[in-house]
S.K.: 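Here you go, one structure.
Everything numeric in this text was worked out from a predicted model, so none of it was measured.
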Number of protein chains: 2
Amino acid sequence: MLTERQVLILESIIRFYTETGHPVGSKTLMNELSLPFSSATIRNEMSRLEELGFIEKTHSSSGRIPSVKGYRFYVDYLISPEQLPAQEVAKIRSAFGPRYHELDEIVSQSANILSELTNYTAILLGPKMQENKLTGFRLVPLSEHQAMAILVTDQAHVENRTFTIPPGMKLADLETIVKIFNDQLIGLPLTEVFKKINVEIPQILARHLHTDSDLFVDVFGNIITHTIRERFYVGGKMNLLNFSEFQDIEKFKSIYSLMDEGNNLRTLISRKSDGIHVKIGQELNNDLFSDFSLITATYQVVGHGEGMIALLGPTSMPYSKMLGLVDTFRNELADKVSDYYRFLEE
Amino acid sequence: MLTERQVLILESIIRFYTETGHPVGSKTLMNELSLPFSSATIRNEMSRLEELGFIEKTHSSSGRIPSVKGYRFYVDYLISPEQLPAQEVAKIRSAFGPRYHELDEIVSQSANILSELTNYTAILLGPKMQENKLTGFRLVPLSEHQAMAILVTDQAHVENRTFTIPPGMKLADLETIVKIFNDQLIGLPLTEVFKKINVEIPQILARHLHTDSDLFVDVFGNIITHTIRERFYVGGKMNLLNFSEFQDIEKFKSIYSLMDEGNNLRTLISRKSDGIHVKIGQELNNDLFSDFSLITATYQVVGHGEGMIALLGPTSMPYSKMLGLVDTFRNELADKVSDYYRFLEE
DNA sequence: TGTTAGCACTCGATGTTGTTAAGTGCTAAA
DNA sequence: TTTAGCACTTAACAACATCGAGTGCTAACA
């Protein structure tokens, strides 16, 4: 195990490196942080810390930087989330609007707020939809040739799609279709709805209708797919340029397009257990992100499932501060989402 | 006026510079492009061309590059749009989907197609909405506390917004409100609707309703604003990194956020006359874009107004080819949009 | 036995210098 | 009017020296 002095030195190295970004050597450590040992002693200890894998050199005569193992130890045993100053908390609260009409607005704005607060990249996920239950389909005729299909779930999620009505289809037909959809599907979880819509529904429709009804299966199937698919909201993509080693423009582009497409983000963020987790560098299992760390946290909305927050920054981030911030933020966000639902149920 | 030989030399300089990106000198010009004059003669002519402002040096002993005036002359008098190979045209056609349900889908996908085709950044604008006439508001109750407001225009544009119904408001009230909106507003151009909604409507509502109706004025006002606002679709933002002098990361960020916000793009693109226009470097009147050129073109959709295409690339782009491409593209896009409307009116 | 001073060594960063290639303008001859 | 020739300029590049911050190791010290 590490001696107390070794821990102190490791901590100092991480502190210094996080602040300056430069590898740090024995003399600097002694002078700048006025550790009460000689540089030679520190050198010996550093040598030991390197053997143990907590720090490493960038080249044979350079100062040391923390290794993943070093950060890991630091995060797991040496720090605790820093309390956010009241003033910062107020800033978060006032960044949210007073009132939202859709859940997605809250989540997507959260991504922006969090990224601005940290200057890193924020990735947000709303409470998951898969288990929402269908409360109804609506089909609203808009003009002679247009109609809107609307899906509503028991979690107040609304999804809609405008489409063109095939010539020859009558209003009565539309009503029949909606009735069939609703009779068969209301109350089922969306995953079930999705299955049924692709298997049973087409058969039932064929029995009751003479016109071609593929279009409707398509449209409604489409809405369901859209609803079920996890939507990642990414804020501060451009912040990547601040902390990524921006020399490598190609790497930046790869990361950017990963963020932009959104669905591939699952590879990065696994929806596992509760609480706050930190993944450092290679722990992310993705070469692109070997210089990044990711803080992930869930937020609980009682009665409405849980969502996810993630913060992507450089491995050399101020973990203590960021952990505190994410923790506070998830509570604020949970409150905001609760408010939203409460207002709906009032 | 320029002599024929001077024109030939200017043209050669532009060709060479566009291909290689390097300033070009007299000897290179003579060798590489085998002009039938000696380097000394070319030197003299270049000197003259520089005096006249068509070309310039990057430093005292460097080769020459075309100036804005040089490009201007080249674009205006020396080239004509290049015919796009049939194979490329086919590529454009197949890049579009077979069938669209919303106009915005066509336009936004166009932005992607065009940017991929050129490796530049494409900016698209759909036919303008301001003169669309309102054909109806709908208010669809979704659950006890939610409703959707829908706007439909005579150009088949649909815009919608979900909102929460204030507690205590009854279904009958909603119906009254929608009736008033429709009685007052149907058939008016959206700009008119916008004005009335902010002035007369609140008064009328107050006369007929006891509950607070600000929310509805808000919601519908909001939808109108959204509909009227020009939406710029930008494709290939990341391509900026290919041709912008990517040394300057801050500049890139500025441009990116300009593109991202969208509404500021009006400063760059003026919706003026028909046809295809080229703006080169400083002609864009924006320091950020001094190394860029912008090709703008309108596309006509008979009976449904006109839209806009713009292509942003480096000043040293192959104008002839790009002009041809933009010209072809705008025809294809116009066709696609016409198809969309035709299907609706069938 | 743990701590420290001293020293030779390493390596990236930075600066200096020289060389080369591609260009220019100018002059004088064809 | 055109061209050959020449002196001059500049960016780009490579080779080289210098410097600063670091290391490991050894020997002396408390």
Side-chain angles (χ1 to χ4, degrees), chain A residues 1-10 12-67 70 245-247 316, chain B residues 1-10 12-17 19-67 70 245 247 316:
Chain A
M1 215 42 259
L2 297 185
T3 67
E4 211 166 303
R5 191 167 67 190
Q6 284 168 339
V7 168
L8 176 60
I9 289 175
L10 174 58
S12 305
I13 292 172
I14 294 181
R15 287 257 154 77
F16 188 93
Y17 182 62
T18 303
E19 274 170 34
T20 66
H22 298 304
V24 49
S26 52
K27 239 180 235 163
T28 317
L29 220 48
M30 187 181 67
N31 296 331
E32 303 291 316
L33 302 178
S34 48
L35 297 188
F37 329 105
S38 79
S39 68
T41 308
I42 297 178
R43 266 203 298 287
N44 289 332
E45 294 290 34
M46 284 171 101
S47 177
R48 182 83 188 113
L49 281 170
E50 188 176 10
E51 261 173 49
L52 294 171
F54 289 94
I55 56 179
E56 51 196 32
K57 293 191 259 194
T58 59
H59 63 266
S60 78
S61 75
S62 78
R64 306 303 214 294
I65 60 173
S67 66
E245 309 306 320
F246 49 79
Q247 354 146 342
S316 66
Chain B
M1 213 43 259
L2 296 184
T3 66
E4 211 166 304
R5 190 167 66 189
Q6 284 166 340
V7 168
L8 176 59
I9 290 175
L10 174 60
S12 306
I13 291 171
I14 293 180
R15 287 258 154 76
F16 189 90
Y17 182 62
E19 275 172 33
T20 67
H22 298 304
V24 50
S26 51
K27 238 180 235 162
T28 316
L29 222 45
M30 186 182 68
N31 297 332
E32 303 292 317
L33 302 177
S34 47
L35 298 187
F37 328 106
S38 80
S39 69
T41 308
I42 296 176
R43 263 201 303 285
N44 290 332
E45 295 288 35
M46 283 171 102
S47 176
R48 181 86 187 109
L49 281 170
E50 188 175 10
E51 262 173 49
L52 293 170
F54 289 94
I55 56 181
E56 52 196 32
K57 292 191 261 197
T58 59
H59 63 265
S60 79
S61 75
S62 79
R64 306 304 213 293
I65 60 172
S67 66
E245 309 308 322
Q247 354 148 338
S316 65

S.K.: Mind checking what makes side-chain contact (heavy atoms from CB on, under 4.5 Å) contact with T41(A), not counting sequence neighbours?
M.R.: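 Scan of T41(A) (side-chain contact (heavy atoms from CB on, under 4.5 Å), adjacent residues dropped) gives R5(A), F37(A), S38(A).
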
S.K.: Taking salt bridge (Lys or Arg N to Asp or Glu O under 4.0 Å) as the definition, give me every residue that meets it alongside E4(A), ordered by chain and number, with sequence neighbours left out.
M.R.: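 Counting only residues at least two positions away or on another chain, E4(A) forms no salt bridge (Lys or Arg N to Asp or Glu O under 4.0 Å).
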
S.K.: Indicate the atoms forming the closest heavy-atom contact of Q6(A) with M1(A), along with that distance.
M.R.: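 Closest approach of Q6(A) to M1(A): OE1-O, 4.2 Å.
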
S.K.: If you round to the nearest 0.5 Å, how far is CD of E50(B) from CD1 of I55(B)?
M.R.: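 Between I55(B) CD1 and E50(B) CD, I get 6.0 Å after rounding to 0.5 Å.
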
S.K.: For DNA chain D, which residues of residues 35-42 of chain A approach it to below 4.0 angstrom with any heavy atom?
M.R.: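 Heavy-atom contacts with DNA chain D come from no residue of residues 35-42 of chain A; none.
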
S.K.: Please identify each residue that fulfils side-chain contact (heavy atoms from CB on, under 4.5 Å) with H59(B), with sequence neighbours left out.
M.R.: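 Scan of H59(B) (side-chain contact (heavy atoms from CB on, under 4.5 Å), adjacent residues dropped) gives S61(B), S62(B).
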
S.K.: Have a look at the helix from dT1(C)-dA30(D) to dA30(C)-dT1(D) and give the angle its two end axes make, five pairs each, rounded to 10 degrees.
M.R.: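 What I find for the helix from dT1(C)-dA30(D) to dA30(C)-dT1(D) is an axis angle of 10°.
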
S.K.: Do L2(A) and L52(A) make a side-chain contact, defined as non-hydrogen atoms from C-beta onward lying under 4.5 Å apart?
M.R.: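 A side-chain contact exists here, since the closest heavy-atom pair is under 4.5 Å.
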
S.K.: Taking salt bridge (charged side-chain N to carboxylate O under 4.0 Å, His left out) as the cut-off, I'd like each qualifying pair that reaches into residues 22-43 of chain A, sequence neighbours left out, listed once.
M.R.: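 Listed once each, the pairs would be none.
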
S.K.: Compare every heavy atom of G70(A) with every heavy atom of L10(A), then report the nearest pair and how far apart it is.
M.R.: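 Residues L10(A) and G70(A), closest heavy atoms: CD2-O, 4.4 Å.
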
S.K.: Heavy atom of residues 43-50 of chain B under 4.0 Å from DNA chain D: which residues?
M.R.: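 Within this stretch, R43(B), N44(B) sit under 4.0 Å of the strand.
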
S.K.: Between R48(A) and E45(A), does a salt bridge (charged side-chain N to carboxylate O under 4.0 Å, His left out) hold up when you go through it step by step?
M.R.: CA-CA 5 Å; R48(A) 182 83 188 113; E45(A) 294 290 34; over 6 Å; no

S.K.: How close do S39(B) and S26(B) get, heavy atom to heavy atom, and via which atoms?
M.R.: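 Looking at all heavy atoms of both residues, the shortest contact is O-CB, 3.5 Å.
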
S.K.: Distance-only criterion, 3.5 Å: show the donor-acceptor pairs between side-chain atoms of residues 12-20 of chain A and protein atoms not counting sequence neighbours.
M.R.:
residue: S12(A); atom: OG; partner: L8(A); partner atom: O; Å: 2.7
residue: T18(A); atom: OG1; partner: I14(A); partner atom: O; Å: 2.7
residue: T20(A); atom: OG1; partner: F16(A); partner atom: O; Å: 3.0
residue: T20(A); atom: OG1; partner: H22(A); partner atom: N; Å: 3.1

S.K.: Nearest 0.5 angstrom please: T3(B) OG1 to I9(B) CD1, how far?
M.R.: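 With rounding to 0.5 Å, OG1 (T3(B)) is 7.5 Å from CD1 (I9(B)).
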
S.K.: In Å, rounded to the nearest 0.5 Å, how long is the span from CD1 of I65(A) to CD of E56(A)?
M.R.: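 CD of E56(A) is found 5.0 Å from CD1 of I65(A).
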
S.K.: Using a 3.5 Å distance criterion without hydrogens, assess whether the side chain of S67(B) forms a donor-acceptor pair with backbone atoms of G53(B).
M.R.: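 Judged by distance alone, yes, a pair lies under 3.5 Å.
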
S.K.: For a quick test of reading the model: is some side-chain N or O of S60(A) closer than 4.0 Å to OP1 or OP2 of dC11(C)?
M.R.: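 The answer is yes; a side-chain N or O of S60(A) sits under 4.0 Å from OP1 or OP2.
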
S.K.: Can you sort out which residues in residues 16-33 of chain A have a heavy atom within less than 4.0 Å of DNA chain C? Ascending by number, please.
M.R.: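 Nothing qualifies; none.
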
S.K.: For chain B and DNA chain D, what are the first and last nucleotides along the strand, 5' to 3', with at least one atom under 4.0 angstrom from a heavy atom of the protein chain?
M.R.: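 Span of nucleotides near chain B: dT2(D) to dA11(D).
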
S.K.: Rounded to the nearest 0.5 Å, what's the gap from CG on L29(B) to OG on S34(B)? Could you check?
M.R.: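 So the gap between those two atoms works out to 10.0 Å.
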
